[in-house]
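First up is the structure itself, then whatever we jot down about it.
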Amino acid sequence: MSFPCTKCGQCCMNISKVEQLIDYHSGNGICIFYRENVGCKIYQNRPDVCRIDEGYIKFFSSHMSIQEFYQKNAQVCNQLQEEKGMNQQYRVVL
Ligand code: SF4
């Protein structure tokens, strides 16, 4: 199973708390490579922390199982979407 990302873009617009992406925003938390209705401009070359499975292996595999990691990610995705009033169609369902 891979993480069922719905490409809502909320993770790209809320990176201010991600230590590894400190140089990827201009103080507003929105990634400088994110374009509305387009998505990530550097998708093929995006950092590991932006890749769910690679990010898990590199940063979180010693702390939790992949299932737990997916659950935590899905919670954050859905919470960000709800805060922005996004349509239900974007919710991540595991
Ligand atoms: S917030 Fe979640 S569902 Fe939305 S683009 Fe990021 S990983 Fe995908």
Side-chain angles (χ1 to χ4, degrees):
M1 177 193 177
S2 59
F3 187 77
C5 170
T6 58
K7 300 186 171 35
C8 74
Q10 285 301 317
C11 53
C12 311
M13 293 190 275
N14 289 280
I15 65 171
S16 57
K17 291 187 179 136
V18 183
E19 197 181 309
Q20 295 91 340
L21 298 177
I22 201 79
D23 296 328
Y24 283 73
H25 68 95
S26 312
N28 60 1
I30 301 173
C31 181
I32 54 176
F33 296 109
Y34 177 74
R35 299 288 181 278
E36 201 172 341
N37 301 320
V38 175
C40 178
K41 294 277 285 181
I42 58 164
Y43 189 78
Q44 296 304 329
N45 299 306
R46 68 199 188 284
D48 284 342
V49 73
C50 300
R51 301 168 187 257
I52 300 242
D53 292 316
E54 289 91 335
Y56 169 71
I57 291 165
K58 195 162 183 178
F59 303 111
F60 299 100
S61 57
S62 59
H63 304 293
M64 63 186 83
S65 69
I66 187 74
Q67 291 85 359
E68 214 177 331
F69 186 65
Y70 278 13
Q71 284 285 351
K72 286 183 187 294
N73 269 276
Q75 275 172 11
V76 173
C77 300
N78 294 340
Q79 186 183 334
L80 290 171
Q81 293 169 13
E82 282 164 23
E83 283 170 11
K84 292 292 176 191
M86 292 187 80
N87 195 297
Q88 281 284 339
Q89 75 187 44
Y90 287 106
R91 299 297 182 272
V92 175
V93 179
L94 298 175

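Indexing begins at 1, ligand by ligand and atom by atom, following the structure's order.
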Tell me if a side-chain donor or acceptor on Arg51 pairs with a main-chain N or O of Arg46 at a distance below 3.5 Å.
yes

Determine whether the side chains of Asp48 and Tyr56 contain a donor N or O and an acceptor N or O closer than 3.5 Å.
no

Paired with Gln79, the side chain to side chain donor-acceptor pair (under 3.5 Å) test is passed by just one of Glu83, Gln75, Glu82, namely Glu83

Sidechain-backbone polar pair: Thr6 side chain, Tyr90 backbone, donor-acceptor under 3.5 Å:
yes

Within the side chain of Arg91, is there an N or O that forms a donor-acceptor pair under 3.5 Å with the backbone of Cys77?
no

So, applying side-chain contact (heavy atoms from CB on, under 4.5 Å) with Tyr24, which one of Cys12, Ser16, Pro47 is it?
Pro47

Could you list the atoms of ligand 1 found under 4.0 angstrom from a heavy atom of Val92?
3 (S)

Spell out the protein N/O/S atoms under 2.8 Å from atom 6 (Fe) of ligand 1 as residue plus atom name.
Cys11 SG

